[in-house]
Asker: 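Quick one: the structure is below, questions incoming.
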Amino acid sequence: MENSKEFCPYCGANLQGDPIPKELQKHYGNATHFSRKIGISSLEKDRVIKWQCPDCKQEWEREE
């Protein structure tokens, strides 16, 4: 199973959220946990372009 632990590159906060119920994981690309990171979208690009930490509020670019 995929390791879904993620950490903020600035403050080191654990961004792994609550577990996804097993019967719903297929709807989330078989991920095992939700994510706490906040997606910042661009209306022009119609996608998430940055992430934000819910703890320190720092932002970083989304990896393609």
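Note that the numbering runs from 1 along the sequence shown for the chain.
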Asker: Quick check: do L15 and C53 have side-chain heavy atoms less than 4.5 Å from each other?
Answerer: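 They are in contact (side-chain heavy atoms under 4.5 Å apart), so the answer is yes.
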Asker: Please enumerate all residues that pass side chain to side chain contact (heavy atoms under 4.5 Å, CB included) together with S35, with sequence neighbours excluded.
Answerer: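 For S35, the residues satisfying side chain to side chain contact (heavy atoms under 4.5 Å, CB included) (neighbours in sequence not counted) are E6, K37.
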Asker: Restricting to side chain to side chain contact (heavy atoms under 4.5 Å, CB included), what partner residues turn up for K45, sequence neighbours left out?
Answerer: S42, R47, I49
Asker: On a heavy-atom basis, which atom in C8 and which in C11 lie closest, and how many Å separate them?
Answerer: SG-N, 3.4 Å
Asker: Quick one: side-chain hydrogen bond (donor to acceptor under 3.5 Å, both in side chains) pairs with a partner in residues 51-63, sequence neighbours left out?
Answerer: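 Residue pairs passing side-chain hydrogen bond (donor to acceptor under 3.5 Å, both in side chains), neighbours aside: R36-D55.
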Asker: Among all residues two or more places apart in sequence or in another chain, which pass the ring-ring contact (aromatic ring centres under 6.0 Å, His included) test with Y28?
Answerer: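 Applying ring-ring contact (aromatic ring centres under 6.0 Å, His included) to Y28 gives F34.
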Asker: F7: what forms a side chain to side chain contact (heavy atoms under 4.5 Å, CB included) with it, not counting sequence neighbours?
Answerer: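 With sequence neighbours excluded, F7 shows a side chain to side chain contact (heavy atoms under 4.5 Å, CB included) to K5, N14, given in chain and number order.
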Asker: If a pair satisfies salt bridge (charged side-chain N to carboxylate O under 4.0 Å, His left out) and one of its residues is in residues 10-20, list it, with sequence neighbours excluded.
Answerer: none
